[in-house]
Amino acid sequence: IKDILYFEAKNKQIIIHKTQGEDLFYDNLEEVKKRLPSVFVQIHRSFLVNFDKVKEVGRTSLLLMNDKELPIGQTNLPQVRKMIYDKEEEKRID
């Protein structure tokens, strides 16, 4: 889990993008999401991101530690903003 950057849904396949390479399997993103810890956030209908691997968040996209930029869907924007807020709160408490 710690090596996973994000999951990508494409043609009924799920591509796991990791720090070192990729894996592929058949499933849907909703089912994958149910089996993952809360650090994984759906940012778009095709992307489920490990928020610990996010470098920065813009208005309509985010940048991962590997400099890959992914779009943030309009319907997912409130959830992404909540994750940012929660992460900032954690830093203040620590």
Side-chain angles (χ1 to χ4, degrees):
I1 295 275
K2 65 180 171 49
D3 294 328
I4 297 173
L5 297 168
Y6 66 100
F7 292 85
E8 178 180 7
K10 196 177 211 177
N11 300 323
K12 298 187 182 192
Q13 297 177 332
I14 303 294
I15 304 165
I16 306 172
H17 297 271
K18 302 181 293 186
T19 52
Q20 298 292 316
E22 299 176 349
D23 285 326
L24 178 74
F25 64 98
Y26 290 91
D27 207 337
N28 69 57
L29 215 50
E30 279 303 313
E31 289 301 314
V32 172
K33 186 178 171 180
K34 290 176 187 176
R35 298 187 301 257
L36 292 170
S38 61
V39 71
F40 285 89
V41 178
Q42 188 156 6
I43 63 162
H44 185 275
R45 68 175 177 222
S46 300
F47 299 110
L48 191 58
V49 172
N50 180 345
F51 225 76
D52 287 342
K53 304 294 184 183
V54 173
K55 192 178 197 178
E56 63 183 60
V57 179
R59 293 177 59 100
T60 60
S61 64
L62 56 76
L63 189 65
L64 296 172
M65 296 293 185
N66 67 347
D67 290 326
K68 173 74 175 173
E69 186 175 359
L70 298 175
I72 300 172
Q74 287 297 317
T75 56
N76 303 96
L77 199 52
Q79 183 181 7
V80 172
R81 286 187 177 148
K82 183 181 179 336
M83 281 296 287
I84 295 166
Y85 177 80
D86 290 349
K87 228 176 169 177
E88 289 300 316
E89 284 296 308
E90 277 180 24
K91 287 180 187 176
R92 284 184 215 149
I93 291 170
D94 291 340

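Residues take their numbers from the sequence shown, with the count starting at 1. Just so you know, these numbers use all the heavy atoms, side chains as well, and skip hydrogens, waters and symmetry mates.
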Quick one: [atom1] on [X] to [atom2] on [Y], what's the gap to the nearest 0.5 Å?
X: Asn28; Y: Lys34; atom1: CG; atom2: NZ; result: 7.5 Å
X: Lys33; Y: Phe40; atom1: NZ; atom2: CZ; result: 12.5 Å
X: Leu77; Y: Ile72; atom1: CG; atom2: CD1; result: 6.0 Å

Measuring only between side-chain heavy atoms, which start at C-beta, is [X] closer than 4.5 Å to [Y]?
X: Leu36; Y: Ile4; answer: no
X: Asn50; Y: Leu64; answer: no
X: His17; Y: Leu70; answer: no
X: Ile15; Y: Leu24; answer: yes

Shortest non-hydrogen contact between [X] and [Y], atoms and distance:
X: Phe25; Y: Arg35; value: CE1-NH2, 4.4 Å
X: Ser46; Y: Leu29; value: C-CD2, 3.6 Å
X: Gln42; Y: Gln79; value: O-OE1, 3.7 Å
X: Asn76; Y: Arg45; value: OD1-N, 4.2 Å
X: Val54; Y: Met65; value: O-CE, 3.8 Å
X: Glu69; Y: Ser61; value: OE2-OG, 2.6 Å

So, does Asp23 use its side chain to make a donor-acceptor pair with the main chain of Ile16 at under 3.5 Å?
-> no
Is a side-chain donor or acceptor of Lys53 paired with a backbone partner of Lys2 at a separation under 3.5 angstrom?
-> yes
Parallel under 30°, tilted from 30 to 60°, perpendicular over 60°: which one fits the rings of Tyr6 and Phe47?
-> perpendicular
Whether over 12 other heavy atoms sit under 6.0 Å from [X] [atom1]:
X: Tyr85; atom1: OH; value: no
X: Glu31; atom1: CD; value: yes
X: Lys82; atom1: NZ; value: no

Residue set satisfying side chain to side chain donor-acceptor pair (under 3.5 Å) with Asp52, at least two apart, ordered chain then number -> none
Chi angles and distances behind the side chain to side chain contact (heavy atoms under 4.5 Å, CB included) call for Val41, Val49 | CA-CA 5 Å; Val41 178; Val49 172; 5.6 Å; no
